[in-house]
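Only one structure is covered here, and it is reproduced in the block below.
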Amino acid sequence: MSRRDFVSLVGATVALAGLSACVREPAEKILPYVDGGPDATPGAPLHFATSMTLDGYATGLLVTSHGGRPTKIEGNPEHPASLGAAGVFEQASVLQLYDPDRARYVQTGKRRGSWRTLSQEFSPATLRAHTGVRGAGLALLLAPTASPLISTMLDNVRNTYPDARTYFHDPLLNTGAAQSAIDTLGDSVIPQHDFRNADVIVSLGADFCAAGPFNLRYARDFGTRRRASGSGTNTLYVAECAPSPTGTLADHRIAASPATLGRIASALLQAMSADARFAGRVPANTLRGDTASNTLTAAERAWVKAAAADLAAHPGHGVVIAGPQQPAELHSIVHALNAITGNTGNTGSTVRYTKSQLIGDRDATHDLAALNTAIQAGGIDTLLILDGNPVYSAPADVPFRDAVGHVRNSVYLGLYNNETAKESKWMLPAAHYLESWGDGRAYDGTASLVQPLIAPLYGGRTVAEFLALIAGQSGISAHDLLQRSWRGHAAGSFGPWWDQTLARGVIADTAAPSTVTAIRWDSIGAAHAKLTVPVAPEQISMRFVPSPAVHDGQFANNGWLQELPHPITKLTWDNAAMLGAAFAERLGVARGDEVELKLRGRSLRVPALIVPGHANDVITLALGYGRAGAEGTARGVGSNANLIRTSSAPFTDVGVTVTRTGAHRDLAITQEHWSLEGRGDAILGVAEASAQSASKQPQPVPPTRKRRPLTLYEPPAPSADGFGADQWAMVIDLNTCTGCNACVVACQAENNIPVVGRESVLKSREMQWMRIDRYVEGQLDDPQVSVQPMLCQQCEKAPCEYVCPVDATVHSDDGLNEMIYNRCVGTRFCSNNCPYKVRRFNWFDYNGEIAETERMVKNPEVTIRSRGVMEKCTFCVQRIRSAQIDAQLANEPRTGPVVTACQQTCPTGAIIFGSLTDPSSEVVRLREDPRCFSALDSLGTVPRVRYLARDRADEVLAEVETPDERREG
Amino acid sequence: MTTTAVDSVAQSQAARDAVEEFPVVYDVPDDAALTDQILSPIWTRSRAWWPLFIVSGLLAVLFIYAMGVTFVRGIGSWGNNVPVAWAWGITDFVWWIGIGHAGTFISAFLILLNQRWRASINRFAESMTLFALVNASLFPILHLGRPWFFYWLIPYPATMGVWPNFKSSLPWDVAAVSTYFTVSLLFWYLGLVPDLAAARDRAPGITRRRIYGIFALGWRGSSQEWRHYRVAYTLLAGLATPLVISVHSIVSLDFAITQLPGWHSTIFPPYFVVGAIYSGLAMVLMLILPARRIFHLKDIITEAHLSNLAKLMLVTGSMLAYSYLCEAFVSWYSGDPFEYYTSFVARPLGPYAIIFWLMLCANILTPQLFWWKRMRTNTVVLFGASLLVFAGMWCERFIIIVGSLNRDFLPSSWHFYAPSWVDISLLAGSMGLFCFLFLAFLRWVPMVALSEVKRLHLDMRKERQPVKVRAADGAAS
Amino acid sequence: MTLIQPSRKRKPRARRVLGEFPSVESLLAGIDALKNGGYDTLETFTPFDIPELDARLGLRRSRIGWLVFTCGLIGMVLAFGIQWWANVHNYPLNSGGRPVFAIPSFIFPTFEGLVLAASFGAFFGVLAWLRLPRLWAPIDEVEGFTSASIDRFWIAVGAVDADDSGERAQQILRDSGAIQTIAPADV
């Protein structure tokens, strides 16, 4: 049966079940975010606060529900990890809810089971019969979590089965970071960074603006600080291997292989310790070993010198941050760096430490390898795998697939019939978080509730419910379990507290307190010595990184994410061996050439992809691809990096050999040209304007930017009926845009944008209305990378409009370039005449081919486009019109603030939208900024979307450093 | 023998001799024999015709199949993408409509200029126009995302009160192409009426006589009929001539009204008209060279026709070369970096450089052969050169359309274009349909304008006294 | 010979004598001779256009040009009017910031409207003027008349002599070189 047949069959089944016909509200009382009670106007959307957990940490969300169907995810403004923003995974998770490939029934082998038989099979009595009275033969494998509810439930299970063993597995979890904290700070603490007060930020392999548990918050803080007028901007130094969204924002970026990154960190520490201002802070003889900077290149030394000088100049106002997947030694050096410069210390510091909130993140004795050993040793009768996909994500040296087979009875609770489900005796459908009652903790410890927006579509259960089941609490619903676990927390009466907390989503005052730490310099010295050990130059490193699209593989069946262009390489539907240009030249590989990677006796064939700004002598490969489960979308996409990854070096390994196989693979890349072709000024704004702004002095507006284009025609007068009262416009700040793609997915979710598939992307037929253009200038190994969100520019003199033969795209009175989909006949003339190429065309009936459940995710406010119709961004016209209707109903003179989907989710707040006729709007203010420009201004299209040109200080670094270098030489 | 005002045409005989290296018609048998010769393919079967007809018919079936795929699956079955939203389909459209131009040009324009050598080839040329237009008008409809709504481009009183946007060049296209097809059909048919009458009167068997009789509309050649017919036909020619110019000018505006580098050019209207006539002349040559041989028409389609067509190709080819030069010059002189890039980097060095250079060689170098008289009458050279120009002009449209679209303003959106099998089938199939229709024309319609050739024959005999006459002209003496 | 039988009896026309000539020269000689003989109502049937005949037969220049001109004018006004009605009057839309009354844009369809209407005028005008299609006419019954579209030139002489024999006219025709003459008939 082909996938399409399967999908249509499944669709028919669902339709028969009446899923799409009726509303599936959860049985328990759920509470919307806004006041007014759950009984709102029929047809009007409601918003509910909930939270999504990723890698153990929760992010608070607001979910839009249309008639009982959750359709859109936004960030919860009150949640510290979100502040109103949502990332790509949060945005796309709503599609996962409706995924037709999700597991639908309890299954034992090929047979269909039920929760009733399961609850008999796994009642404490039965379990004890098999695993011993104290549960010695019982093993649980969980993903590390910070959920208080699961923690409570786990305690219940331990009480019931005192000898049961609990293991944790997360393919992205770096025990090294936790180990480093214990070694250097004496406790399992995690750093909390405050970028609002950071003047100087030094990132050592950390993509803190776009990845990691607190990235939305960090990005927001970073962006707020960078955009704040008057106080000057912050300076960001990034040393990283592969270019990342954060790296593109850097003022000074340097490409560094893993070994070089360690030496750079050490050199930085040496430079700081040698600084007179910090004399005595590092105990003498701590930093033995080589002088790290000796093995660095001139450019690397210049970078270290500049970063050290800048950090020293801003004591207490700097942040040094290491990437979560960096080795323990690097984390140790970073702890030391922050300590020396006084960034840590009191509660108002830029770097604080709190106790880690995660269960199972620090204990190597409870990881997958330990479980494997235990199973091989015998004695484990029943294995409960709750969440995750360990058969897929297990490192190559842990034969976990076989281990599962060795166990008499195994249970897998998960969303999909994936690799782990296939090996397990029991497959239990898990509830999606949008169907679940639960809770979670953010990276800073703040607890939030998970409330369902919809009853489980496929009868799934949560981890907590299953834990309750084996603990003998099968009669209690998750809702009651959750209420029980929080009952003690309410200050006064529980009922009102619960209602209020549920509605707002966040449990107040639960953030973890700062802990006081002291550096153990001996361990710093050890780390320094280890990092400065010279490595053989011919050693080629191998890096395994989470995919920015499918993460560790758990989102691999999500079409929005598979089709999401990689922030830097713009690769979709695939992973590739990313490598630097010089290295690629040495190897003789070009883009798409298949290479065989041999690492520790294992090999993997992947296509090569040359990435400008990637460090040389190192290969970066994303995890999460090469899935072999039953998920139709994920199967066969990319290559499984876990097949050559080992538990001893899960993120960075050395000694890989790269050979060409001679084969070639097409890579579905949405943007194939890196170069600006000398058009930088027209596309990314004029450099002088940036320089002026960087000098922090108010400059007169250059006359060339403010001129109206020559035109024969008077601008049309706004109409008298009120629709011309607002003139909508957008400003995008290129200084704070990371290119993280959150807006791209937000737009896709809001505007019902279809997924077209790999073949169509290869033909350049992707449909995303918002795209992030990425340009590279300068040396391929040390380039200047620029990103530019490109969406319909809403030109006042729109070239697309006058060429449309049927008036299917015309201008509204409030300045929107409108699309009338049902009038479009599909000549595509408008696309040809669009200089920004932001129009998208329905080459096939993309929306007609989706499963019944996937239809439920569609936003009813937005037309579903049929085949042969052009579409594009309309500034979320549905939101504008809705706000206008609200204003009219309320007799307001002015339409209230309208927030577009991309603006709402932008983590750094780089997108600003508003009306030009509103004198108080930020758009009006920013359009007067000397950095403000319109792309391809000379064409006279008069775009309503404008950009703030990027401030670049790269040249400054070179000027400052050259005399130094000369002196040293 | 009375020789009064009959030979008014022959007045400037000396001037004609200077221009006409070859006689425009050789001594032919008398009018009855000529009629029979021209009409014989209609009554008798030729052995070569059926295989050709079947092969081209099969290609036409492929055309229909590819059209079906386009309609049922969607325009995505083509290779088009964004940025190259127009590609082979519009290339084929512009190419076919360009080919159509030589027909009307030869027929109508030469009438106005009193060029009598048009007489023996105008029917070929006009038919070619019609069949090329059939193909040309299919492509824009096929190429729509929702082709079943093509009529939305036509102003009709819809209940919703929605109208086409006449600021767009596409409704102009609709007006131009439909007018062109209609006027060409009327012109072709009106010219055909006396010959259909001849076919009626020579047809063996009552059925054919009735069929041709219906199409001849009861033409009897009376002095009344000729009196009005002459004026109406000349007026149609007079209307068709500016129409020819307007049609390809409007087609060129599909490109020129945009701001895309490589399209945004004021030279486009004359450039396109010249290119259109150029490609059409090549097509006419490719059609009459075999027809002349197969149907033994060397007496009436003489070296004069070949040479004149070759000269016209030389002229239009040189004008085209000038247009290329002018376009490049303006790209450079404008100082616009985008225009410059398109003209001097993207096209000559970009992904379609081979096609660009093929276009230049085929369109500019090939006609230079025709500076030599021997080349102008060598049928092999003529056919080969026409074939090259025929292909070269397709390449030109491809370069203008795809070569401009695939690299426009933002390098981020640049993307390569490759045709799908449907694109290729549509092009091959449209050629098949053209051949199918043309073969049908040869088989069922008088292929030469009999009445005009008879008149021309008469004039020529007047000019070249004494005339060696094979049959009984001397009945009067 | 009958192609299609007349459906009803036509009003009988003036009886005419017919002569068939082998060449243009003899045809012209015949016309001159007939005119000299006092026959003014002449009509010729020729396989191709002989413009010189008009003067000899006393035919004026066709006035179909005026019809074509009028049609063209109507077409032009209509085409421009449709565009004005559609884009300016009935549904004015802001399209690309261009003025709604975009006269330069309207020129092209206006021109095409002119040509189309004028061409219809020319084509259908000439058919109407000549009352075509008329698939059968009495003259079609004349034996050998089909040669008029091939290689022979026919003269029809109206207002036959008082005795209705047409002998004199036939004689003139024969003298001028007619290879065949037909006695007076309702043709």
Side-chain angles (χ1 to χ4, degrees), chain B residues 1-2 4-6 8 30-32 35 155 161-167 171-172 175-176 179 182-183 186 190 194 197-198 200-202 209-210 213-214 217-232 235-236 239 242-243 246 250 253 451-452 454-455 458 472-473 475-476, chain C residues 3 22-26 28-29 43-54 57 59 61-62 64-65 68 82-83 86-87 90-91 95-96 98 102 105-106 108-109 111-113 115-116 118-119 122-123 125-127 129-130 132-137 139 146-151 177 179:
Chain B
M1 184 179 285
T2 332
T4 47
V6 176
S8 60
D30 65 5
D31 288 352
T35 309
V162 284
W163 297 97
N165 171 20
F166 292 103
K167 290 185 202 73
W172 310 346
T179 301
T182 313
V183 172
L186 298 179
L190 198 63
R200 170 196 66 199
D201 293 339
R202 272 291 200 238
R209 190 163 295 196
R210 280 195 172 146
I214 288 168
L217 304 176
W219 179 266
R220 284 166 195 90
S222 76
S223 42
Q224 283 291 338
E225 285 171 345
W226 283 117
R227 177 167 75 104
H228 295 298
Y229 175 90
R230 186 191 313 137
V231 176
L235 278 172
L236 267 180
L239 288 164
L243 180 65
S246 84
I250 287 175
L253 291 175
S451 68
E452 293 188 43
K454 286 173 192 168
R455 170 77 212 196
L458 174 74
D473 181 40
Chain C
L3 284 175
S23 70
V24 179
E25 292 81 5
S26 53
L28 295 174
E43 190 177 16
T44 60
F45 298 90
T46 56
F48 52 82
D49 185 19
I50 305 166
E52 303 86 346
L53 285 175
D54 284 15
L57 296 175
L59 297 172
R61 186 181 154 75
S62 170
I64 203 161
V68 173
I82 287 172
Q83 295 177 81
N87 282 182
N90 193 8
Y91 225 126
S95 179
R98 272 72 175 166
S105 298
F106 295 170
F108 306 99
F111 174 78
E112 301 301 330
V115 171
L116 185 65
S119 301
F123 184 82
V126 73
L127 294 189
W129 217 291
L130 300 174
L132 294 180
R134 185 164 50 125
L135 298 186
W136 179 86
I139 200 167
T146 54
S147 68
S149 64
I150 312 297
D151 62 341
I179 49 175

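Residue numbering restarts at 1 for every chain, and letters A, B, ... go by the order of the sequence lines.
Counting heavy-atom pairs closer than 4.5 Å to chain C, the top-ranked of the candidates B/Val231, B/Leu186, B/Thr35 is B/Leu186. Top candidate by heavy-atom pairs under 4.5 Å with chain B, chosen from C/Val126, C/Leu53, C/Thr46, C/Leu57, is C/Thr46. Put simply, of C/Tyr91, C/Phe111, C/Phe108, C/Trp129, the one with the most heavy-atom pairs under 4.5 Å next to chain B is C/Phe108. Between chain B and the options C/Arg61, C/Glu112, C/Gln83, heavy-atom pairs under 4.5 Å are most frequent for C/Glu112. Top candidate by heavy-atom pairs under 4.5 Å with chain B, chosen from C/Ile139, C/Asp54, C/Thr44, C/Leu59, is C/Thr44. The candidate from B/Lys454, B/Arg230, B/Gln224 with the greatest count of non-hydrogen atom pairs under 4.5 Å with chain C is B/Arg230. Looking only at heavy-atom pairs under 4.5 Å with chain C, the residue among B/Ala197, B/Gly218, B/Gly221 that has the most is B/Gly221. When B/Glu225, B/Lys167, B/Arg220 are compared by the number of non-hydrogen pairs under 4.5 Å with chain C, B/Arg220 comes out ahead.
Residues B/Leu458 and C/Glu25 have side chains in contact (heavy-atom distance under 4.5 Å, counting atoms from C-beta outward). Between B/Pro194 and B/Tyr229, some side-chain heavy-atom pair lies under the 4.5 Å cut-off. Put simply, the side chain of B/Ser451 does not reach to within 4.5 Å of the side chain of C/Pro47, judged on heavy atoms.
With sequence neighbours excluded, no residue forms a salt bridge (charged side-chain N to carboxylate O under 4.0 Å, His left out) with C/Asp151. Residues passing the salt bridge (charged side-chain N to carboxylate O under 4.0 Å, His left out) test with B/Arg227: none are found, sequence neighbours excluded.
With a threshold of 4.5 angstrom between heavy atoms, B/Ser222 approaches chain C through its backbone and through its side chain. C/Asn87 touches chain B through its side chain: at least one heavy atom from C-beta onward sits under 4.5 Å away, while N, CA, C and O do not. The contact between C/Ala118 and chain B is made by backbone and side chain atoms together, counting heavy-atom distances below 4.5 Å. Residue B/Leu243 touches chain C through both its backbone and its side chain, counting heavy-atom pairs closer than 4.5 Å. Residue B/Ile250 touches chain C through its side chain alone, counting heavy-atom pairs closer than 4.5 Å. Interface remark: C/Ile150 contributes backbone and side-chain atoms alike to the contact with chain B (heavy atom separation under 4.5 Å). Both the backbone and the side chain of B/Pro242 have a heavy atom closer than 4.5 Å to some heavy atom of chain C.
With rounding to the nearest 0.5 Å, the separation of CG in B/Leu239 from OG1 in B/Thr179 is 11.0 Å.
In this structure, B/Arg455 pairs ionically with C/Glu52, as a charged nitrogen and a carboxylate oxygen lie closer than 4.0 Å.
Considering all non-hydrogen atoms of both residues, C/Ser119 and B/Val183 come closest at OG-CG2, 3.2 Å. Residues C/Ile64 and C/Gly125 come closest through the heavy atom pair CD1-C, 3.7 Å.
Listed for the B/Ser223 side chain is no donor-acceptor partner under 3.5 Å among the backbone atoms of C/Glu43.
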